[in-house]
Number of protein chains: 2
Amino acid sequence: MTEHIAPANTWAASLRSAGRRVTKQRLAVLAAVEQFPHSTADDVVTAVRAELADITVQSIYVVLSDLTVSGLLRRIETPNSPARYETRVNDNHHHAVCTGCGRIEDVDCAVGHAPCLTPAWSPGSRQMTIQIADVVYQGVCTDCRESSAENSPVLPELTEKH
Amino acid sequence: MTEHIAPANTWAASLRSAGRRVTKQRLAVLAAVEQFPHSTADDVVTAVRAELADITVQSIYVVLSDLTVSGLLRRIETPNSPARYETRVNDNHHHAVCTGCGRIEDVDCAVGHAPCLTPAWSPGSRQMTIQIADVVYQGVCTDCRESSAENSPVLPELTEKH
DNA sequence: CATCTATTGTGAGTAATTCATAATAAGCCG
DNA sequence: CGGCTTATTATGAATTACTCACAATAGATG
């Protein structure tokens with residue numbers, strides 16, 4: 001059988017150049033996260049099991065963690081939610097989460113390419129050499145705003161801050 | 001015995017104006033978080049037990065959660081760490097955490113009073129009405145930078161990103 | 001001071017994640 | 001190609017951080 005160049009070869013190459021072995025578990029996890037960005041570990045388990053029915057939750061955690069330190073995945077932490085993963089790495093983008101429905105959108109910060117990397121230190125604090133700025137916006141998406149106009153407001157205490 | 005105006009009365013007044021009862025547990029928690037900003041729930045348990053030896057972990061969680069929704073405490077989530085609490089609220093400041101020693105410093109974002117509230121939406125994403133922008137900087141403080149120059153670097157994989 | 005109800009204590013339970021160790025399979029070498 | 005070495009995955013248990021239901025207690029109001 002002659003091999004055909006499948007899109008999955010991109011991930012295989014990435015794994016190899018990161019010095020890791022190419023396994024079907026890793027390829028399946030990468031494909032799942034690519035297809036469903038901002039997936040939780042549980043989401044990934046569900047998606048991967050369509051292909052590898054017997055994979056365990058623990059293995060998914062190991063693979064996700066390993067791919068994250070290898071730089072193939074980015075792990076993000078949003079409030080009141082387990083960790084999420086995405087394949088969009090190395091571009092310093094941020095995230096907005098809707099307090100109503102939990103929807104997560106990607107955001108490129110308005111302040112240039114490496115946003116907010118020049119913090120204003122509070123008096124008395126000791127400066128650091130900043131490498132990463134993770135920004136999590138919280139707001140209400142248009143869908144939730146419309147529905148909350150009629151029904152009871154979602155998380156009302158948030159609307160009066162800032 | 002005549003009552004003297006103690007600093008704790010400030011917290012009592014804050015509790016009352018928030019419509020909550022003034023209890024010794026809440027006062028002790030507020031004092032602990034004020035003394036040790038960025039405390040975890042476990043830190044607070046330790047600090048409060050110096051005064052209230054028999055308070056339970058669960059009560060600390062209840063009090064912290066209640067004070068947070070009351071607006072007297074702010075809860076922050078930093079990577080690879082349980083939630084932390086601080087008494088500095090309503091001033092939209094952010095945090096920098098040292099990837100070496102875990103030190104946390106307060107940061108006033110450089111971009112005006114309400115920083116980064118105008119995100120640049122990625123193509124295809126749906127906009128939201130932004131209410132909060134939580135920024136977590138990660139970097140290396142001067143202490144850790146010096147010591148890592150001689151010893152083995154801490155978290156080396158982080159130093160080559162961005 | 002008595003009553004009402006917010007608050008705290010008690011005990012159990014859960015979600016998310018990690019750890020130790022055994023089994024397996026990638027990639028290398030001849 | 002077939003064995004060897006070691007990275008990777010599976011297995012099972014444990015841990016951390018936190019939540020919940022309900023009973024006991026104690027602020028605040030009149």
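Just the heavy atoms: all of them, side chains too, but no hydrogens, waters or symmetry mates, feed the values below. We name chains A, B, ... by the order of the sequence lines, and we start the count at 1 in each one.
Between A/Y61 and C/dT17, a side-chain N or O to OP1/OP2 separation shorter than 4.0 Å is present. Applying the 4.0 Å criterion to OP1 and OP2 of C/dG9, one finds that B/S59 has a side-chain N or O inside that range. Side-chain N/O atoms of A/R20 include none lying less than 4.0 angstrom from OP1 or OP2 on D/dA7.
Distance, B/R16 CZ to D/dG27 C1': 10 Å, rounded to whole Å. Spacing between atom CD of B/E77 and atom P of C/dT17 amounts to 12 Å, rounded to whole angstrom units. Atom CG of A/D66 is separated from atom C1' of D/dA10 by 15 Å (rounded to the nearest Å). In this entry the distance linking CG of A/D54 with P of D/dT11 reads 8 Å, nearest Å. Counting to the nearest Å, the P atom of D/dA26 and the CG atom of B/L27 are 15 Å from each other. With rounding to whole Å, A/L64 atom CG is found 14 Å from C/dA16 atom P. Here the P atom of nucleotide D/dA17 and the CG atom of A/N80 are 17 Å apart, to the nearest Å. Atom-to-atom, CD of A/E51 to P of D/dT9 comes out at 14 Å; the value is rounded to the nearest Å.
The residues B/R26 and B/D66 are annotated as salt-bridged, a charged nitrogen and a carboxylate oxygen being separated by less than 4.0 angstrom. The pair B/E86-B/R84 fails the salt-bridge criterion, with no side-chain N (NZ, NE, NH1 or NH2) lying under 4.0 Å from an Asp/Glu carboxylate O. The existence of a salt bridge linking B/E51 and B/R49 is excluded, since no basic side-chain nitrogen approaches an acidic carboxylate oxygen closer than 4.0 Å.
For the residue pair A/Y85 and A/V33, the shortest heavy atom distance occurs at O-CG1, 3.5 Å.
For the atom pair CZ (B/R103) and SG (B/C141), the distance works out to 4.5 Å, reported to the nearest 0.5 Å. A distance of 8.5 Å separates CZ in B/R74 from NE2 in B/H38, rounded to the nearest 0.5 Å.
Mapping B/V22 and B/P82 onto DNA chain D by nearest heavy atom places B/P82 at the nucleotide closer to the 5' end. Residue order along DNA chain C, read from the 5' end via each residue's closest nucleotide, puts B/Q58 first among A/T23 and B/Q58. DNA chain D is contacted by both B/R21 and A/I55; A/I55 maps to the nucleotide lying nearer its 5′ end (nearest heavy atom per residue).
At a threshold of 4.0 angstrom between heavy atoms, the contacts of A/R75 are confined to the sugar-phosphate backbone, with no base atom among them. The residue B/V57 sits apart from the nucleic acid: no heavy atom pair falls under 4.0 Å.
Checking D/dA10, C/dG9, C/dG27 against the side-chain heavy atoms of B/Q25 singles out C/dG9 as nearest. Among the nucleotides C/dG27, C/dT8, C/dT17, the one closest to the side chain of A/A41 is C/dT17. For B/T56, the listed nucleotide lying nearest its side chain is C/dT10; candidates were D/dT9, C/dT10, C/dT8.
In this structure, B/S59 contributes its side chain and B/I55 its backbone to no donor-acceptor pair below 3.5 Å.
With 3.5 Å as the limit, one finds no donor-acceptor pair spanning the side chains of B/T68 and B/S65.
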Listed pairs, N/O of protein and of nucleotides 22-24 of chain C, under 3.5 Å:
none

